[in-house]
Amino acid sequence: MKKINKKRLFFVIIVFIFLIFLFSKIFIGVKEYVSSKNKPETTIKSQEEIDREKEKIINIAIDPAKGGINEGLSTPDGSLKEKDINMDIAKRIKANLEKHNDIKVCLTREYDENIDLKQRIENLKRNNADALISIRINAQGKSGEAQGMDTYYSNLSSSKIIEDDKKTSSKLKKDNKEESDLKNSKSKNNNDRESKTENKVEVVKKGEESLDKQKERIILSKSLAQSIQSTTLSFVDFDDRGIKDKNFDILLYTNIPSVIVQCGFISNESDGQKLQNEKTRQDISDGISDGILNYVDLHRTEILKDRVNYR
């Protein structure tokens, strides 16, 4: 039996270990290379691209009506007042919408405080709101028979801003006609009169453009009302009282697409019992949220265009 050469054996073992180490390095390297090829390339966005993406974010304002000493009526069991229900629904809507990266939400009041209309409107402007959804609970004074949900949006004929535009436009057109007649009858100071006429024509055009923008905004408000009304009623068992074009309260002072959602009658026993149920309030919130999201998806281009008109 041959005697084992220890030095040679040691050398073979070292070479064997080195080969294993070398092959493992090669294997890991190939694996990492393949893995890196399969990974999507990460692109660094420019500041301009980031700003463009931010501009596409739609700002939604939720207005929980009442608050503070302005409590409103109570549910049949006395557990909740109108101000509490409005705030609860508003916060649930906010939580739903904030799950979407392309939506930013603000509340016109964050706490149980009585905030006047002027402060609420200032809040909208401060947050660059693109749409307002005011959450209310309805009530009937003498009887508890009325029940169900309805949604209000601005009325073109009763809008204070639009009426002012109409009057201004009409007056300017009249002045423009008188000026034109005067120009034709007299030649003295002709250049001055022509200049004045051109200026008035320009003002008339601006007035008409403003009216057109108001009409476009009313169309957006109506679409928002329809989307919220129909979607919410698919979530909650309320009578459908429809959408209504009427200016009152906060709708009189907003210059963005705006609606008031009346989430049932607290003065009605059936509606009141539903409103004191947490699941019903969640269903209402989910319905309104989906209605807002559907509206945004359908009208994103028009919303961004309308934003230019008032910012």
Side-chain angles (χ1 to χ4, degrees), residues 39-65 86-110 120-136 151-154 213-236 243 250-251 254-261 263 281-311:
K39 281 184 182 179
E41 290 185 12
T42 55
T43 56
I44 300 172
K45 294 180 182 178
S46 68
Q47 187 60 47
E48 188 178 344
E49 288 174 321
I50 294 170
D51 291 340
R52 275 203 302 267
E53 286 183 2
K54 283 183 179 178
E55 279 297 310
K56 290 180 181 178
I57 294 174
I58 304 300
N59 301 314
I60 301 294
I62 309 296
D63 174 48
N86 294 336
M87 179 58 87
D88 184 60
I89 292 173
K91 285 185 174 180
R92 292 173 188 269
I93 295 170
K94 186 173 187 285
N96 286 341
L97 295 180
E98 284 182 336
K99 296 173 185 176
H100 301 265
N101 294 331
D102 61 339
I103 302 285
K104 188 177 177 182
V105 189
C106 72
L107 300 180
T108 58
R109 69 176 177 96
E110 297 276 355
R120 291 173 192 261
I121 296 299
E122 286 174 354
N123 193 322
L124 300 182
K125 293 177 181 177
R126 188 166 55 252
N127 287 281
N128 290 325
D130 293 308
L132 168 74
I133 297 87
S134 186
I135 305 300
R136 314 287 178 96
T151 304
Y152 291 81
Y153 66 97
S154 298
K213 289 172 184 177
Q214 290 288 343
K215 288 177 180 177
E216 290 170 4
R217 193 167 300 137
I218 298 299
I219 292 170
L220 285 174
S221 293
K222 183 177 181 180
S223 180
L224 178 58
Q226 287 173 328
S227 183
I228 288 174
Q229 180 77 6
S230 61
T231 309
T232 306
L233 289 173
S234 69
F235 279 76
V236 66
I243 64 170
I250 200 167
L251 295 184
T254 58
N255 64 347
I256 56 176
S258 307
V259 298
I260 291 177
V261 187
C263 305
R281 297 196 302 276
Q282 184 63 54
D283 288 341
I284 292 171
S285 306
D286 292 344
I288 293 173
S289 301
D290 276 15
I292 294 168
L293 292 171
N294 291 340
Y295 161 79
V296 169
D297 288 343
L298 189 62
H299 296 289
R300 186 179 296 274
T301 302
E302 294 95 322
I303 294 167
L304 295 175
K305 179 184 174 185
D306 184 66
R307 173 190 288 175
V308 177
N309 296 335
Y310 64 85
R311 276 196 189 175

Looking only at non-hydrogen atoms, find the nearest pair between [X] and [Y] and report the distance.
X	Y	answer
L251	T254	O-OG1, 3.8 Å
N96	S289	ND2-OG, 3.1 Å
R300	K56	NH1-O, 3.2 Å
I284	C263	CG2-SG, 3.9 Å
A129	I256	O-CG2, 3.5 Å
I57	D130	O-OD2, 4.0 Å

Apply side chain to side chain contact (heavy atoms under 4.5 Å, CB included) to I93 and I292, showing your working.
CA-CA 10 Å; I93 295 170; I292 294 168; 4.2 Å; yes
Pairwise distance [atom1]([X]) to [atom2]([Y]) - rounded to 0.5 angstrom:
X	Y	atom1	atom2	result
D286	I89	CG	CD1	11.0 Å
D283	R92	CG	CZ	9.5 Å
E302	Y295	CD	OH	8.5 Å
N86	L107	CG	CG	11.5 Å
I288	F235	CD1	CZ	11.0 Å
I58	L97	CD1	CG	12.0 Å

May I ask you to check whether over 12 heavy atoms, not counting those of K222, lie within 6.0 Å of atom NZ?
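Result for NZ/K222: open.
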Heavy atoms, side chains only, cut-off 4.5 Å: are [X] and [Y] in contact?
X	Y	answer
I133	L224	yes
D306	P257	yes
R217	N255	yes
N127	N59	no

Can we say K94 and E98 salt-bridge, meaning some charged N sits less than 4.0 Å from an Asp/Glu carboxylate O?
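A salt bridge is present here (some side-chain N lies under 4.0 Å from a carboxylate O).
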Do side-chain atoms of D63 reach the backbone of T108 as a donor and acceptor pair under 3.5 angstrom?
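Judged by distance alone, no pair lies under 3.5 Å.
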May I ask you to decide if S223's main-chain N or O and S227's side chain share a donor-acceptor pair within less than 3.5 Å?
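Between the backbone of S223 and the side chain of S227 there is no qualifying donor-acceptor contact (under 3.5 Å).
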By the definition side-chain contact (heavy atoms from CB on, under 4.5 Å), identify the one residue from T232, I260, V261 that meets it with T151.
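Going through T232, I260, V261 one by one, the side-chain contact (heavy atoms from CB on, under 4.5 Å) with T151 is satisfied by V261 alone.
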Would you check, one step at a time, whether the test side chain to side chain contact (heavy atoms under 4.5 Å, CB included) holds for E122 with K125?
CA-CA 5 Å; E122 286 174 354; K125 293 177 181 177; 5.7 Å; no
